[in-house]
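Not measured: the values here are computed from a predicted model. Heavy atoms only: backbone and side chains are in, while hydrogens, waters and symmetry mates are out.
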Amino acid sequence: MAASLLPPGSTALERGLEAATTRAGEVPIPLDRLWNPDTCPAELLPWLAWGLSVDRWESSWSEPRKRAAIRTSIADHRIKGTPASIDAVLASFDALLHVVEWFEASPRQRPHTFEVVLPIGAEGGARAGAAFAEAVVRDVTRTKPARSHFTFVQQLRAQASVYLVGAARAAGFVRLDAAARHDPSPRWADYLQTEEGEPITDEAGALLEGAPA
């Protein structure tokens, strides 16, 4: 045991605390494994995610997905506030989510605004629900540039047209808009779908593409 650093007049309690903390300091701690997302024990992953400031974390995720979120955290923070960071957030939710910048809209919108657009099937499904929309809005808000404002849009595909069914979220409320607009984009048709018109995903949550026409 190392020599005591306490003065001669120390109490028995102080000496006991010194002895206890000295023994605790001798316990081997494999820091290289604990701070590695690939070797950290599964039960400690939430604490590692907190230590590396992972922005999005869901306890329901699979262990491989949790490790992947931790592994990319530093790289994600390097691009935070850029269009690439928003694209990465959207891709983690759904491959059909995409951004329409203010200068791409018709008519043009106000500068420093954009839309986050999600096509949904005729029957809606979980992806059309409020919980999914709130999660997307929350995480896009975390990573977008501070000066930018956005609208989350859910587009209903029916008879080759797209109808705006979910809309702007501002100051904590949702506004429904009955406007309709046509979108010839083939994105929806590129994926396998259920009878309800929702895209089919694999176990990892990735959308399954259909055979080329």
Side-chain angles (χ1 to χ4, degrees), residues 53-58 65 68-69 72-122 124-191 193 197-199 201 204-210:
S53 299
V54 174
D55 281 338
R56 184 184 175 207
W57 185 263
E58 303 289 346
R65 186 171 182 182
T72 61
S73 180
I74 294 177
D76 291 342
H77 280 283
R78 287 173 177 162
I79 64 171
K80 198 169 185 178
T82 67
S85 68
I86 297 175
D87 290 340
V89 167
L90 298 183
S92 71
F93 278 99
D94 194 300
L96 293 178
L97 278 165
H98 60 282
V99 170
V100 178
E101 295 281 6
W102 64 272
F103 53 83
E104 297 173 327
S106 180
R108 284 196 172 193
Q109 302 299 311
R110 289 177 300 164
H112 310 306
T113 63
F114 62 94
E115 288 183 350
V116 173
V117 181
L118 173 64
I120 58 176
R127 296 163 64 255
F132 184 88
E134 286 294 324
V136 173
V137 168
R138 177 197 64 208
D139 287 351
V140 171
T141 300
R142 286 174 179 169
T143 194
K144 72 176 181 64
R147 70 178 181 179
S148 298
H149 303 280
F150 73 97
T151 300
F152 181 76
V153 179
Q154 292 169 304
Q155 294 178 326
L156 175 63
R157 282 187 178 272
Q159 300 179 352
S161 295
V162 177
Y163 298 90
L164 189 64
V165 296
R169 177 187 185 277
F173 66 88
V174 175
R175 176 173 59 83
L176 294 180
D177 192 328
R181 60 186 174 189
H182 179 67
D183 182 357
S185 168
R187 292 172 61 88
W188 188 265
D190 291 343
Y191 297 95
Q193 303 172 33
E198 285 297 297
T201 61
L207 296 175
L208 298 178
E209 295 190 27

[X] side, atom [atom1]; [Y] side, atom [atom2] - distance, nearest 0.5 Å:
X: S92; Y: L97; atom1: OG; atom2: CG; answer: 9.0 Å
X: E134; Y: F152; atom1: CD; atom2: CZ; answer: 9.5 Å
X: S148; Y: W102; atom1: OG; atom2: CH2; answer: 11.0 Å

With [X] via side-chain contact (heavy atoms from CB on, under 4.5 Å) - residues at least two apart:
X: I74; result: R78
X: E104; result: V100, E101
X: A135; result: F93, R138
X: A84; result: I79, T82

Under the salt bridge (charged side-chain N to carboxylate O under 4.0 Å, His left out) test, residues paired with R142 that sit two or more places apart: D139
Partners of D55 by salt bridge (charged side-chain N to carboxylate O under 4.0 Å, His left out), sequence neighbours excluded? K80
Test item: [X] and [Y] side chains (from C-beta on) under 4.5 Å apart, heavy atoms:
X: V99; Y: L90; result: yes
X: T113; Y: T151; result: no
X: F114; Y: I86; result: yes

Kindly determine whether L118 and F132 satisfy side chain to side chain contact (heavy atoms under 4.5 Å, CB included), including the steps that lead there. CA-CA 11 Å; L118 173 64; F132 184 88; 3.5 Å; yes
How close do P145 and G81 get, heavy atom to heavy atom, and via which atoms? CG-O, 3.0 Å
